[in-house]
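Below you'll find the structure, written out as structure tokens, and then a few comments.
Numbering of ligands and ligand atoms starts at 1, following listing order.
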Amino acid sequence: MLIEFIIFSFVFIIMAGVLNRRYETIGNVQSVDTVERFIRIKCDNAVLYLHFVSENIMRVVLDHGHGLPGSSSYAVSGKCEDVKFSIEKKDRVYEIISINLRIEINSNPCRLAIYDRNGILILKDHESLGMSWRGSRITCFKELHDESFYGLGEKTGMFNKRGKAFTMWNSDTPAYTTKQDPLYQSHPFFVSRHNDVGFGIFLDNSYRTNFNFGAGNDQFYSFEAEDGRFDYYFIYGPDYTDVIANYSNLIGKMPLPPKWSLGYQQCRWNYATDHDVLGLAKKFRNKGIPCDTIYLDIGYMDWYRCFTWHPTNFSDPNGMLDELHAMGFKVVVIIDPGIKVDSNYRAYKEGTKGGHFCTYPDGSLYRGQVWPGWCCFPDFSRKQTREWWGTLYQGLIDAGVDGFWNDMNEPATWGGTFPDVIVFNNDGDVTDHSEMHNLYGALMAKATYEGVLKLKENERPFVLTRSGYVGVQRYATIWTGDNVSSWEHLRLAIRMCLGLSMSGYSFCGSDIGGFMGSPTGELFCRWLQFGLFCPLCRTHSAINTPEQEPWSYGEEFESINKKMIKLRYRLLPYLYNEFYESMRSGIPILRPMILESDNVDKVSEMDDQYMFGHDILVAPVIENNGRHRAIYLPRGRWFNFWTNEQVQGDTEVVVEAPLDQIPLFVRGGSIVPMQEETQFVEENNNFKLYLHIYPDEGTFVRSFYEDDGKSLEYLKGEFRISTMKLHKKSEQITFSIKYSSGGYKVSDRKWILIFHGITYLPQSVVLNQNEIFEEDIGEAVIKNQSCSIEQGNLNICIDDSYDDYELVITL
Ligand code: GLC
């Protein structure tokens, strides 16, 4: 017995030792001091560094053998602020106090808790698990309460990620399922709220990372990196919108895209010949369906060699591009990273000579198979390679190509595996594929963006990328990859775009109609309606599927699709202004309802309606035969866009949704700038600006941004911001517009003010203190002004000679 007991105890002690070795924790705090800009917390088994990047953002780095944290991250672009803080020790707790936050460091064992300045707990390390690691895999466990979790970029599943686990590992996932994970992009950032205080966590680690939001447990949520420095940012709100805005200050904002890229875009794998492409373009114009951009998929190349043209199918690219430009089209071509192994091919020859391709550790070239067969892959983590890559676009740009679509850049290879041992230069800090994988697409997009910017001086580049990491918003727009033509996927596309939006990513969209398979007329029509209320509006379909264009489903659908695309074009001034607002503030263009309403019970899971910019609520129809939609309207007055019916919010309504209407509501007090119908963005007929005004009691201010839509002059002040003010007090409405900043001159135009919900002529209208309309005279007194009731709304047309004006309307 005794012997057995001794053997058992011995085995137990050994086992405990083994287990301990597999699972190590940070241990107790030994000391706290400051070094350079960091608060250094020395613990038994690691050193923790804290750094206030700004008053609302604190960086936390676990040094587990990597030394003092640097700031070289591809994701982070913001500058650090000088934040004042104090450190105090109270028994076993260190308190670090800054303006907005109080951090408590418990010493035995080391645990971190973050409070706001009112002492409200925001998050806390899990009492027993805290920060720990097994080998190189480090995990931070936080206490789980009743939080919801949003973000993580382009993820499938529900909008609220509570109860689920996710991985970041960019993957080529054709025809992905509605629950598949991971997909093409990595955005290791989430937003949550505890005790009514919103916060975000960004784990800046490009290795494979894992997130658990209470999946399989009721104790913790966690984030984990499989290797590398464990470096995360706590981002304070207190509102969700503040979290996203603060996060965008850290990771940088999107630049303004060329305005043409806001138009309707048509893509297909493949429009096989130049003849087909020109035929397509003419069809759009002959049918009067607006369209700005046609894409060329891999078939335009000489057997998938990037930067070449197919010798017979596209024998005269310059001629084709000239003709397309003359019709007002822009052309975007696909470029994949795989460069065909072919000693007669310029990109391959230059790439091998310049040491631009990824290698095995022994220096031999890595080859993987993609469309062209065996390929080499540029090492975009090397500056010289990014610069070289940029120069390769010269020929395409000279031919007249307007934008570029970077695909297969996870990087994808047949077999799905790019070996982890492949070496990457990482701008001199050599590493391997396991660290660079998730960054590859973003670095390719950066190389493309910067290269094109150099080649087309003073023109805004347009780059679309499939793969990305945090920071990619500074270079490219993204779409949600190879989805499927089904109603479930339409629903998923909305969720995925809202997830991207919650992750600080604005310029996104999905393949309208679905990429794989083929939609019915009704599915295409409803998906198009959603797509038209997305920042990126592009139809795309796979090879060997039936044609998927706005006219492909019979006359009834064609005329509905045409009407809806025209609406997007009429809304361009509003949308462009929203792009500007998003560029400025970092707040996304698609705003999930949780950014809009405090009614948590109603909106925390709501992912089938959203705000399109500040003032338009969109509720896409996502069911076959759906002719009604239930919609939640947040607090305030709302106008049904189609009927002008007014509803007092914080209520649910059911509206009719005939096939030719996507349910839309406009916020009371808003001013929605619209323009005339056009066939393409740069068609010059913007001589009339329509301001759709939705009067509500009170005072409302909106700004309206304009610039040339294509150059970088806006960065030097060549823009125009007008401030519009609307005031309504019972029977009197005052509307004023004041040119407030920027040096951009707009050409003369007429202003047409449409006061919604005012169905009768007013008693008087005073423009800059001159009576222009009196009911008993019955006409506009001053030449060129007019006042009338049209389609049930009061329309006032103001002469173009006025820049600033004030209008007082007595009803
Ligand atoms: C990938 C892309 C898809 C493209 C196809 C051919 O599957 O995701 O959009 O059409 O490759 O280039």
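- Cation-pi geometry between Arg285 and Phe329 is satisfied (NZ or CZ under 6.0 Å from the ring centre, within 45° of the ring normal).
- Figure legend: Arg538 and Trp405 shown as a cation-pi pair, the cationic atom lying under 6.0 angstrom from the six-membered ring centre and within 45 degrees of its axis.
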N/O contact list for ligand 1, threshold under 3.5 Å:
residue  : atom   : partner : partner atom : Å
ligand 1 : 7 (O)  : Asp482  : OD2          : 2.6
ligand 1 : 8 (O)  : Arg466  : NH1          : 2.8
ligand 1 : 8 (O)  : Asp482  : OD1          : 2.5
ligand 1 : 8 (O)  : Asp482  : OD2          : 3.3
ligand 1 : 9 (O)  : His540  : NE2          : 3.0
ligand 1 : 10 (O) : Asp297  : OD2          : 2.5
ligand 1 : 10 (O) : His540  : NE2          : 2.9
ligand 1 : 11 (O) : Asp407  : OD2          : 3.1
ligand 1 : 12 (O) : Asp297  : OD1          : 2.6

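- Checked against the 6.0 Å centroid criterion, the rings of Phe524 and Tyr553 qualify as a close aromatic pair.
- With salt bridges taken as basic N to acidic carboxylate O contacts below 4.0 Å, none links Lys454 and Glu450.
- Within the 3.5 Å criterion, the main-chain N or O of Gly514 finds no donor-acceptor partner in the side chain of Asp511.
- Note on Glu549 versus Lys287: no salt bridge recorded, every NZ/NE/NH1/NH2 to OD/OE distance being 4.0 Å or above.
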